[in-house]
Colleague: 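To start, I am sharing the structure in question, which I have written as structure tokens.
Residue numbering restarts at 1 for every chain, and letters A, B, ... go by the order of the sequence lines. The shown structure was predicted, so the numbers you read here are calculated from the model rather than taken from an experiment.
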There are 2 protein chains.
Amino acid sequence: MRTAAAADELTDTSLRKQVYDSLRAALTSGRFAPGQKLTFRFVAKALGVSLTPVREAVRRLVAEGAFEMQPNRSVRIPLMTKAKVLELRDIRVAVEGLAVGNAAKVASRAQIANLRRIAREIVAVRKRGDSVADREKISEFHFALYTIADQPTLLRVIEGLWLQTGPYMNLLFPDYIASAAGPARRLRIIQALQARDSVAARREIENDVHGTLSYVAGLADEAGNIVPALPSAAGSRRSKGKANAALELRPKRLDLK
Amino acid sequence: MRTAAAADELTDTSLRKQVYDSLRAALTSGRFAPGQKLTFRFVAKALGVSLTPVREAVRRLVAEGAFEMQPNRSVRIPLMTKAKVLELRDIRVAVEGLAVGNAAKVASRAQIANLRRIAREIVAVRKRGDSVADREKISEFHFALYTIADQPTLLRVIEGLWLQTGPYMNLLFPDYIASAAGPARRLRIIQALQARDSVAARREIENDVHGTLSYVAGLADEAGNIVPALPSAAGSRRSKGKANAALELRPKRLDLK
DNA sequence: AATGCATTTTTGTGATCACAAATTTCGAGA
DNA sequence: TCTCGAAATTTGTGATCACAAAAATGCATT
């Protein structure tokens, strides 16, 4: 099933889309501090575009729950709490379980081979200790898996949920990643797909998601707050003036002007 | 848990929000024909506002899957297919089941009383044969139920899914509504909440959603397309010129200018 | 009557401007 | 040193404009 929306994603070269992608990348790679305030003009200047595409991109992210619009008027990176992580955990267990259960019923030989390739790449990347590439590969594996189910609406829901947990997945490194039996689990998932064993595949992914987010929830402090490890640890101090500029929003795919 | 996002919903008086609400209302009440093309300028003129708030509102609805942006550039009301309904059915069964299961664990006496009140109102409305009010009351019951779970992210996901099925819920009248044991089911749900029987409550809502959307899927033609009953049946002919104006988008809450 | 092509119109996109509301700054008074 | 309030600045919102791409229209040719 190839929806018009999916086709649109590929051909959309608008500034709006580029801004959206840039913000999304910055968000999932943890370049924003929780609670950080974002202004339209700041983003516009950082990316070298006018307010118009920025407004539309940011508003979309607000609608998706990646940003939070405060009653007064300012966009903030949502704070993560233990309760929110547990809620996201239960939703993700439900929908990702559904996707994988369905994927197991229809997976083709080529799709399974592709999963096996990505799983191997994860092992290779992990040996090098590259946590950024590691996270990207894990994400690639999961979405390759969910895509097999061929359910565009379900995929969209899952993407929205990942966008909210994304900034906090850095917390899995290095402890949880080292302890968890990720590679073995991925092999069991692939075997379940091969055997068309929908129940087993579903159980594996449910345990995976549940374990991962339960671990993150366990990192909360007494107040229930969860603070991700930032690339630059200058997150807590926000004392004087224009220290805001310290937060750089790299254009990446955006080079115009 | 009262999120900032939820608080924002109430205090947002922007034109963008009003346009969004108007379009959403038009959509869920079935005032748009599937496949119908919508232009920004048309909506702007119909509501008496400029393009700016319309663009942001429409783009949000596109992001939520309520509208579809075509590769070229035009916004269309998505066509509904049997496959899409079945996909929505399975997702809704999963997430609404989750919500009700959790709701049963925490429902207060007042919340249950509120549900009972709405359930009675549905019975009253149905006697009058008012299908519009009927649909609104059913929606009110469901969301009152889901809100009890106190999980804002889950609620947002559910709202997004309802937005996609909304335009087709007219198809349930009058046959399915008459045949289905809705009132009895609602009573069983309420009893399950009262008994804190999470499993039973979940089973009831799962059966409800599954039955409803399976019925809608069964209405598809040989090609798998599903066409909702429109208020004005002038949907198929779009032969000449400015017949577009026939589609009226009533402002409702929007009276400015 | 049907088809191809050039012209006109429509339409989404991005930038800019004006304005009001919110936020910050700063100094006077205690 | 702290507090309060007025002035200055920042910031989101909505309207308008210019432009290019797409769609619709009209006309000539077969």
Side-chain angles (χ1 to χ4, degrees), chain A residues 4-5 7-9 11-23 35-63 67-76 238-245 251 254-257, chain B residues 4-5 7-9 11-23 35-63 67-76 238-245 251 254-257:
Chain A
D8 193 28
E9 286 292 299
T11 48
D12 190 351
T13 61
S14 66
L15 284 184
R16 174 191 348 106
K17 182 68 177 357
Q18 295 178 57
V19 172
Y20 175 81
D21 287 343
S22 294
L23 288 175
Q36 179 184 347
K37 195 170 70 176
L38 266 192
T39 67
F40 290 162
R41 283 172 173 85
F42 168 71
V43 176
K45 189 176 293 183
L47 298 180
V49 299
S50 83
L51 285 179
T52 311
V54 170
R55 280 166 59 171
E56 298 186 356
V58 170
R59 295 226 144 267
R60 173 169 173 189
L61 288 163
V62 169
F67 291 154
E68 212 171 66
M69 200 80 197
Q70 303 229 319
N72 37 30
R73 59 212 202 135
S74 62
V75 178
R76 286 185 168 281
R238 185 77 37 74
S239 46
K240 284 215 180 158
K242 307 287 181 186
N244 200 6
L254 210 52
D255 262 322
L256 46 141
K257 169 62 183 299
Chain B
D8 193 28
E9 286 291 299
T11 49
D12 189 351
T13 61
S14 65
L15 284 184
R16 175 193 345 106
K17 182 71 178 355
Q18 295 178 57
V19 172
Y20 175 81
D21 287 342
S22 293
L23 288 175
Q36 179 184 349
K37 193 171 70 177
L38 267 191
T39 67
F40 290 162
R41 283 171 173 86
F42 168 70
V43 175
K45 189 177 292 185
L47 297 180
V49 299
S50 84
L51 285 180
T52 311
V54 170
R55 280 166 58 171
E56 298 187 357
V58 170
R59 294 226 145 267
R60 172 169 174 191
L61 288 163
V62 169
F67 289 156
E68 213 172 66
M69 200 82 196
Q70 304 231 319
N72 37 31
R73 59 208 204 142
S74 61
V75 178
R76 288 186 168 279
R238 185 80 34 78
S239 47
K240 285 221 179 153
K242 307 286 181 186
N244 200 7
L254 209 53
D255 262 321
L256 46 142
K257 168 61 186 302

Colleague: Where the side chain of A/Met69 is defined as all heavy atoms beyond and including C-beta, which of D/dT13, C/dG14, D/dA15 is the nearest nucleotide?
Modeller: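 So the nucleotide nearest the side chain must be D/dT13.
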Colleague: Grab the stems for DNA chain C, please: at least three consecutive Watson-Crick or wobble pairs, both distances below 3.5 Å, written as range with range.
Modeller: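 Stems (3+ consecutive pairs) listed as C:1-30 with D:1-30.
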Colleague: Just the rounded figure in Å: distance from P of D/dG12 to CZ of A/Phe42.
Modeller: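 About 12 Å, once rounded to whole Å.
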Colleague: Show every salt bridge (charged side-chain N to carboxylate O under 4.0 Å, His left out) that has at least one partner inside residues 41-51 of chain B, sequence neighbours left out.
Modeller: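 Of all non-adjacent pairs touching residues 41-51 of chain B, none passes salt bridge (charged side-chain N to carboxylate O under 4.0 Å, His left out).
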Colleague: Just by modelled atom types, is the A/Gly35 backbone N or O under 3.5 Å from a matching donor or acceptor in the A/Arg76 side chain?
Modeller: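 Flag set: sc A/Arg76 to bb A/Gly35 pair under 3.5 Å.
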Colleague: Name all residues meeting the side chain to side chain contact (heavy atoms under 4.5 Å, CB included) criterion together with B/Arg16; count only those two or more places apart in sequence or in a different chain, and write none if there are none.
Modeller: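 So B/Arg16 forms a side chain to side chain contact (heavy atoms under 4.5 Å, CB included) with A/Arg59, B/Asp12, B/Ser14, B/Pro53, B/Glu56.
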Colleague: Does any N or O donor sit under 3.5 Å from an N or O acceptor when you compare the side chain of A/Arg55 with the base of D/dG14?
Modeller: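 Under the 3.5 Å cut-off, the side chain and the base do form a donor-acceptor pair.
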Colleague: Report the residues that fulfil side chain to side chain contact (heavy atoms under 4.5 Å, CB included) with B/Ala63, sequence neighbours left out, ordered by chain and then residue number.
Modeller: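 Residues passing side chain to side chain contact (heavy atoms under 4.5 Å, CB included) with B/Ala63: A/Arg60.
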Colleague: Specify the residue among A/Val75 and B/Thr52 whose closest nucleotide of DNA chain D lies further upstream toward the 5′ end.
Modeller: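 Nearer the 5' end of the strand: A/Val75.
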Colleague: When you measure from the side chain of B/Pro53, which nucleotide among C/dG12, C/dA15, D/dG14 comes out closest?
Modeller: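 So the nucleotide nearest the side chain must be D/dG14.
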Colleague: Per the atom types in the model, does the base of D/dG12 pair as donor or acceptor with the side chain of A/Arg41 at under 3.5 Å?
Modeller: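 Indeed, a donor on one side and an acceptor on the other fall under 3.5 Å apart.
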Colleague: What is the distance, rounded to the nearest whole Å, between atom CG of B/Leu51 and atom P of D/dC17?
Modeller: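 These atoms are roughly 12 Å apart.
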Colleague: Starting at atom CD of A/Glu56, determine the distance to atom C1' of C/dA15, rounded to an integer number of angstrom.
Modeller: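 A/Glu56 atom CD is separated from C/dA15 atom C1' by 12 Å.
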Colleague: Please report, rounded to the nearest Å, how far the P atom of C/dT16 is from the NZ atom of A/Lys45.
Modeller: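 A/Lys45 atom NZ is separated from C/dT16 atom P by 13 Å.
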Colleague: Nearest-Å distance, CZ (B/Phe40) to P (D/dC17)?
Modeller: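 It is 19 Å, rounded to the nearest whole Å.
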Colleague: Enter the distance from B/Gln36:CD to B/Ser74:OG here, rounded to the nearest 0.5 Å.
Modeller: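 The OG atom of B/Ser74 is 11.5 Å from CD of B/Gln36, to the nearest 0.5 Å.
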Colleague: In whole angstrom, what separates B/Leu15's CG from C/dA20's P?
Modeller: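 In whole Å, C/dA20 P and B/Leu15 CG are 15 Å from each other.
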Colleague: Hey, what are the protein-to-nucleotides 21-24 of chain D N/O distances that come in under 3.5 Å?
Modeller:
unit_1: D/dA21; atom_1: N3; unit_2: B/Arg73; atom_2: NH2; d: 2.8
unit_1: D/dA23; atom_1: OP1; unit_2: B/Asn72; atom_2: ND2; d: 2.8

Colleague: Do any side-chain nitrogens or oxygens of B/Arg59 fall under 4.0 Å of OP1 or OP2 in C/dT13?
Modeller: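 Answer is yes, contact under 4.0 Å.
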